[in-house]
Visitor: 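Below you will find the structure I want to go over with you.
Reminder, nothing fancy here: chain letters follow the sequence lines and each chain counts from 1. The model shown is predicted, which means the values in this text are computed figures rather than measured ones.
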Protein chains: 2
Amino acid sequence: MASRITPSDKGTLPKGLMLLRVLGEFPSGARFTDVSQESELPVATTHRVLATLVSHGFVDYSEDSRLYTLGLRIFELSHKVAAVNTLNEIALPIMKKLADETGHMALLNVLDGTETLVLERAEPPRPIHVQFPVGARLPLHSTASGKVILATMPEKERNELLKGMKFQKVTGNTITKRKDLNTELEQIREGLFAVADEENEIGIRSIAVPVVAARSPRRMALALAAPAYLISKKDLIKEVKVLRQTATDIGHRLIAF
Amino acid sequence: MASRITPSDKGTLPKGLMLLRVLGEFPSGARFTDVSQESELPVATTHRVLATLVSHGFVDYSEDSRLYTLGLRIFELSHKVAAVNTLNEIALPIMKKLADETGHMALLNVLDGTETLVLERAEPPRPIHVQFPVGARLPLHSTASGKVILATMPEKERNELLKGMKFQKVTGNTITKRKDLNTELEQIREGLFAVADEENEIGIRSIAVPVVAARSPRRMALALAAPAYLISKKDLIKEVKVLRQTATDIGHRLIAF
DNA sequence: CAAGTATTTTCCGACTATTGGAAAAACTTT
DNA sequence: AAAGTTTTTCCAATAGTCGGAAAATACTTG
């Protein structure tokens, strides 16, 4: 278990990467002060780093509005993240079918660090207002996707991941004790699906199953999410069959993502 | 006209950003040596910078395959680039309709720096093999989109942009002289559409019109691209009407992108 | 519209993270 | 198991960063 070197945590690069993340929090543009305050960097430093990011196209600056925004270079790069394009072309249509059939929002999530990331989403015909945009991050312990991913990963890896993590109480139903989580994961492994019953957001229930793609190092899950008033936990579980079918289908076609 | 400061061109940040671009060229992963060579940085430097990028989630490293790839953080960020999500939801369906009706590939391009960037694309039903993936960059002077964007931008801005640019001869038909380009742009302004007749790629013809979105600082164009053997220049021009209609439609709905 | 306030940009000496050649370590191949 | 290749680490000189504070610019208000 190599300690895998000591990546510098000071210097401009980490600061620059941090500023990119900060700018992500201002979708409609951030003023200089916003960036400086949010990042808690001295103004002089912020200024210098921002200038570099701008000059390389990673950040756009509008002289008119005096706003900084993430640049198109980010957009460009994201389409070169291995096989991201296949998500739209392969996974989305399949997910759309699932959403249409079940009437619920379908979400494809992937483990990234200690969170889950929304890779793709398909809305059902009926307009609902559950907001999980693509690119959103969600906790592991309070979501169906997170739990099913945790449950199905190798024990060693899971322990490594959970070590020292604390589980924030997001709603009244959130599992917050490691012991309770272990019990839940054990149970999930039995049925190979996970349910989150208003554990991450009051008023939302969801169910998820693992997605296994050939030659993919990524841990993914396919989920259905619905407003609680629309479907009981029991009825949601009835969808597990079609959900699992879809997940298998996606897994077979999402080679090496 | 402020010279807008002196952004550092040395140091880790520029190097890190460069490595991200380099990794974009290896969609299926790059070995350490690939990165080091392609970037022309000393191995020690490459190593240190890569480690920092990895530790911040911008680059993934697989111990098994020993390959570096762009990380999901990039994917995440790209969905926070102002209103990128609306492209899929708003523009794509409209473009798909255009592609279906005309039988040609529809492309939405945006000016970024001295190039054009493919923002969105819709394929026609019939399978064609013109490859312009989303995220691809194309020259301004040899493409329909590039030319129509140049033609319709304020003169001052255009001069600023073209100043010192040299126009690479991509195919036998490419316009390479500034003077010829000016003449062409003049003509484009008359009809408000541009045609590229195998100017960027032998065997491909395309036509483009401007897309004007409310409160958008971006310069965009909507294009149709087709294999030359499928359609004559004359017939392609006949599509300008429906193309323009679609462009207007998109412009109206793509607020503030 | 001038004075006052808030925001953004620049300056510069002290300091510290970066640099990169070269050697060591870890793999791969023969 | 030796030879070759690729990756990782070391370390002292150096060059870029740091950030407080002042200057410049934009915005507000009486």
Side-chain angles (χ1 to χ4, degrees), chain A residues 1-23 25-26 28-71 217, chain B residues 1-23 25-26 28-71 217:
Chain A
M1 198 77 267
S3 58
R4 182 111 192 97
I5 255 259
T6 130
S8 137
D9 229 351
K10 297 178 176 174
T12 36
L13 182 49
K15 290 196 182 72
L17 299 178
M18 182 204 209
L19 290 196
L20 290 178
R21 293 228 296 273
V22 167
L23 285 173
E25 294 169 29
F26 296 84
S28 51
R31 293 172 317 154
F32 174 83
T33 312
D34 296 330
V35 182
S36 171
Q37 285 183 355
E38 184 71 21
S39 65
E40 297 180 55
L41 292 176
V43 287
T45 304
T46 305
H47 200 265
R48 184 163 25 81
V49 174
L50 269 180
T52 304
L53 289 171
V54 168
S55 83
H56 287 256
F58 282 74
V59 170
D60 286 346
Y61 175 72
S62 156
E63 306 231 346
D64 298 340
S65 61
R66 312 176 102 214
L67 292 177
Y68 292 89
T69 46
L70 289 176
Chain B
M1 198 75 277
S3 58
R4 182 110 194 96
I5 254 260
T6 130
S8 136
D9 229 351
K10 296 179 178 174
T12 36
L13 181 49
K15 290 195 181 74
L17 299 177
M18 183 206 209
L19 289 196
L20 290 178
R21 294 227 297 273
V22 167
L23 285 173
E25 294 169 29
F26 294 87
S28 51
R31 292 173 317 153
F32 174 83
T33 313
D34 296 330
V35 182
S36 170
Q37 284 183 356
E38 183 71 20
S39 65
E40 295 181 55
L41 292 175
V43 287
T45 304
T46 306
H47 200 263
R48 185 163 25 78
V49 175
L50 270 179
T52 303
L53 290 171
V54 168
S55 83
H56 288 255
F58 282 75
V59 169
D60 286 344
Y61 174 71
S62 155
E63 305 231 346
D64 298 339
S65 61
R66 309 175 107 217
L67 292 176
Y68 292 88
T69 45
L70 289 175

Visitor: Verify the contact: side-chain N or O of B:Lys15 to OP1 or OP2 of C:dT19, cut-off strictly under 4.0 Å; return yes or no.
Guide: yes
Visitor: Considering heavy-atom distances to DNA chain C, does A:Arg31 or A:Gly11 have its closest nucleotide positioned more toward the 5' end?
Guide: A:Arg31
Visitor: Using OP1 and OP2 only, check whether a side-chain N or O of B:Arg66 sits under 4.0 Å from D:dT6.
Guide: no
Visitor: Whole-Å distance between C:dT7 C1' and A:Leu67 CG?
Guide: 13 Å
Visitor: To the nearest angstrom, how far is B:Met18 atom CE from C:dT18 atom C1'?
Guide: 17 Å
Visitor: Does B:Val43 or A:Lys10 map to a spot on DNA chain D nearer the 5' end, using the closest nucleotide for each?
Guide: B:Val43
Visitor: Rounded to whole angstrom units, what separation is found between the CG atom of B:Leu41 and the P atom of C:dG21?
Guide: 11 Å
Visitor: Would you mind reading off the distance between A:Asp64 atom CG and D:dC27 atom P, rounded to a whole angstrom?
Guide: 11 Å
Visitor: Identify which nucleotide among D:dT8, C:dG20, C:dT9 has an atom closest to any side-chain atom of A:Tyr61, counting heavy atoms from C-beta outward.
Guide: C:dT9
Visitor: Dump the intermediate steps for side chain to side chain contact (heavy atoms under 4.5 Å, CB included) on B:Val22 and B:Asp34, then the final yes or no.
Guide: CA-CA 9 Å; B:Val22 167; B:Asp34 296 330; over 6 Å; no
Visitor: Grab the CD-P distance between A:Gln37 and C:dA6 for me, whole Å please.
Guide: 13 Å
Visitor: Atom CG in A:Leu13, atom CG in B:Leu17: separation rounded to 0.5 Å?
Guide: 7.0 Å
Visitor: C:dA6 P sits how many Å from A:Asp34 CG, rounded?
Guide: 16 Å
Visitor: Looking for any heavy atom pair under 4.0 Å, which part of the strands does A:Thr12 touch: base, sugar-phosphate only, or nothing?
Guide: sugar-phosphate
Visitor: How many Å lie between NE2 on A:His47 and C1' on D:dA24, as a whole number?
Guide: 11 Å
Visitor: Between A:Thr69 and A:Ala30 (side chain of the first, backbone of the second, donor and acceptor by atom type, cut-off under 3.5 Å), is there such a pair?
Guide: no
Visitor: Which residue lies toward the 5' end of DNA chain D, A:Val49 or B:Ala44, if each is placed at its nearest nucleotide?
Guide: B:Ala44
Visitor: How long is the line joining CD of B:Glu63 and P of D:dT8, in whole Å?
Guide: 9 Å
Visitor: Would you sort out whether B:Leu20 and A:Phe58 count as a side chain to side chain contact (heavy atoms under 4.5 Å, CB included), showing the intermediate values?
Guide: CA-CA 11 Å; B:Leu20 290 178; A:Phe58 282 74; 4.0 Å; yes
Visitor: Taking only side-chain nitrogens and oxygens of B:Tyr68, does any of them come within less than 4.0 Å of OP1 or OP2 of D:dT6?
Guide: no
Visitor: Any donor-acceptor pair under 3.5 Å linking the side chain of B:Ser39 with the backbone of B:Val35?
Guide: yes
Visitor: Does a side-chain N or O from B:Arg48 land closer than 4.0 Å to OP1 or OP2 of C:dT19, or not?
Guide: yes
